[in-house]
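In what follows, chains are A, B, ... by sequence order, proteins preceding strands, each numbered from 1.
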2 protein chains.
Amino acid sequence: MSDLLERLRERGWRMTAQRRVVAEVLDGQHVHLTADEVHARATERLPEISRATVYNTLGEMVSIGEVIEVATDGRAKRYDPNAHRPHQHLVCSRCGTIRDVHPQGDPLAALPASERFGFAVSTVEVTYRGVCPDCAA
Amino acid sequence: MSDLLERLRERGWRMTAQRRVVAEVLDGQHVHLTADEVHARATERLPEISRATVYNTLGEMVSIGEVIEVATDGRAKRYDPNAHRPHQHLVCSRCGTIRDVHPQGDPLAALPASERFGFAVSTVEVTYRGVCPDCAA
DNA sequence: ATCCTACGATAGACACTGTCTAAGTCAAGA
DNA sequence: TCTTGACTTAGACAGTGTCTATCGTAGGAT
C-alpha cells in the first residue's frame with residue numbers, strides 16, 4: 001500500500017512512528033494539504049507528534065524529491081505526494097483547493113532561447129486559476 | 001510619467017501622499033518588490049507611512065487589476081506593476097530574482113476541456129525555474 | 001476660503017506560517 | 001543488551017500579513 005513509506009525505507013531512513021504517520025497521511029490524500037493540515041491529521045493518529053517534526057519530515061521528503069511543494073498563494077505551502085508523474089495544478093480562486101491536471105504538450109517549448117536570458121531553465125510550473133463548480137454554485 | 005498614478009486618479013481614487021508614494025515606488029522599479037520592500041522604499045520619501053497602508057494600497061491595486069501579485073515561493077508575495085502586458089516569470093532557483101518573459105502561444109490552450117473539471121478557468125501563471133547567468137558562474 | 005464628512009492613514013495588537021535551539025528519546029547496529 | 005547518533009519535542013522566535021479603534025484629511029459643498 002504505502003509506496004512512499006517503502007521508498008523512504010530504501011533510502012535508509014530511520015523508521016519512526018512519526019515519519020510513518022506523516023507518510024501515511026500524505027499517501028492517503030488526493031488533495032494537497034498544508035503542513036499544519038498534515039499535522040492536524042497526524043495528531044489524530046499520534047497525539048504527541050510535534051509541529052516541528054511534521055515540518056522537518058515534509059522538508060526532507062521534498063528535498064529528496066518524493067514530495068512536491070506547491071506555493072499557489074502567498075500563504076501556506078501545500079504538499080503534493082504525486083511527485084513521480086509530471087502534472088500541473090488547477091486552483092480555485094475562491095476556496096483555494098487544488099486539482100492535478102495534465103496539459104498537452106511541453107510547456108518548456110513555449111519559451112524560445114531569446115527569452116531565456118542566459119538562464120539554464122530546468123522546470124516549469126503552470127498554475128491555472130478559476131472558479132470551481134462548488135464555488136460557482 | 002506615472003501612468004499608474006494617472007489611471008488610479010481616473011478610477012476616482014482619493015489622491016493621498018501615501019498612495020502617490022506607493023505608486024511611484026512600484027512604477028520606478030523593474031524588479032518585483034515584496035510588500036515590506038515597498039514599505040522600506042516608501043519610508044525613504046514619506047517617513048511616517050505605515051505598514052498597514054502599504055499593504056492596503058497594494059491590495060487595492062491588485063484587486064482592480066493594476067498590479068499583479070506573484071507568489072513564487074512560500075514566503076513574501078511580490079508585486080509586479082507590469083499588469084498591462086501579459087507575461088510570465090523566470091525565477092532563479094538560487095538567488096530568487098525574477099525576470100519577466102514572454103512565451104509564445106496561449107498557455108490556456110494547452111488545457112483541454114476534459115482536464116478542467118468544471119472549473120471556469122480564467123488565468124494561467126507560468127513560472128520557469130532555472131539558474132541565472134550570475135549564479136551559474 | 002472655510003466647513004463637513006466619509007474615506008483613508010495610523011499604531012499596534014494579533015494571527016498564521018515557518019524556523020531554531022536545547023534537551024530528552026529511541027531505532028538499529030554492535 | 002548496550003551504545004550512539006539520528007530523531008523528536010516544547011516552546012521561543014521571526015517574517016508576513018490582517019484587523020481594530022482612533023485620528024487625519026481630500027475634496028465636494030457652502
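Heavy atoms only, all atoms of each residue included: B:Pro107 and B:Gln88 are closest at CG-NE2, 4.4 Å. Considering all non-hydrogen atoms of both residues, B:Cys132 and A:Phe119 come closest at CB-CZ, 3.4 Å. Residues A:Arg116 and A:Pro112 approach most closely at CG-O, 3.3 Å, considering heavy atoms.
Taking the nucleotide of DNA chain C with the nearest heavy atom to each of B:Arg14 and A:Met15, the more 5' of the two is matched to B:Arg14. The residue among A:Glu48 and B:Thr34 whose nearest nucleotide of DNA chain D lies closer to the 5′ end is A:Glu48. Summary of the strand contacts: B:Ala76 and A:Thr16 both lie near DNA chain D, and taking for each the nucleotide with the nearest heavy atom, the more 5' one is attributed to A:Thr16.
Under a 3.5 Å cut-off, the side chain of B:His87 and the backbone N or O of B:Arg99 do not form any donor-acceptor pair.
Going from atom CG of A:Leu33 over to atom C1' of C:dT17 covers 16 Å, rounded to whole Å. Regarding A:Trp13, its CH2 atom lies at a distance of 14 Å from the C1' atom of D:dT8, rounded to whole Å. If you measure from atom CZ of B:Arg75 to atom C1' of C:dT19, you get 10 Å, rounded to the nearest angstrom. Between the P atom of C:dT25 and the CZ atom of A:Arg19 lies a distance of 19 Å, rounded to the nearest Å. Residue B:Arg9 contributes atom CZ, which lies 12 Å from atom C1' of D:dA26 at whole-angstrom precision. Atom CZ in B:Arg11 sits roughly 18 Å away from atom P in C:dC7 (whole-Å rounding). The nearest whole Å value for the distance from the CG atom in B:Leu8 to the P atom in D:dA26 is 17 Å. A straight line from NE2 of B:His39 to C1' of D:dT18 spans 15 Å, rounded to a whole angstrom.
Listed by residue number, A:Arg51, A:Ala52, A:Tyr55 are the residues of residues 50-67 of chain A with a heavy-atom contact under 4.0 Å to DNA chain C.
When the shell of 6.0 Å around CZ of B:Arg75 is examined, it contains 12 or fewer heavy atoms from other residues, nucleotides or ligands.
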| said: The test is side chain to side chain donor-acceptor pair (under 3.5 Å); show your working for B:His32 and B:Asp100 and say whether it passes. | reply: CA-CA 10 Å; B:His32 301 63; B:Asp100 288 354; 3.0 Å; yes
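Taking only side-chain nitrogens and oxygens, B:Gln18 never comes nearer than 4.0 Å to OP1 or OP2 of D:dG24.
With rounding to the nearest 0.5 angstrom, the NE2 atom of A:His89 is 6.5 Å from the CD1 atom of A:Ile68.
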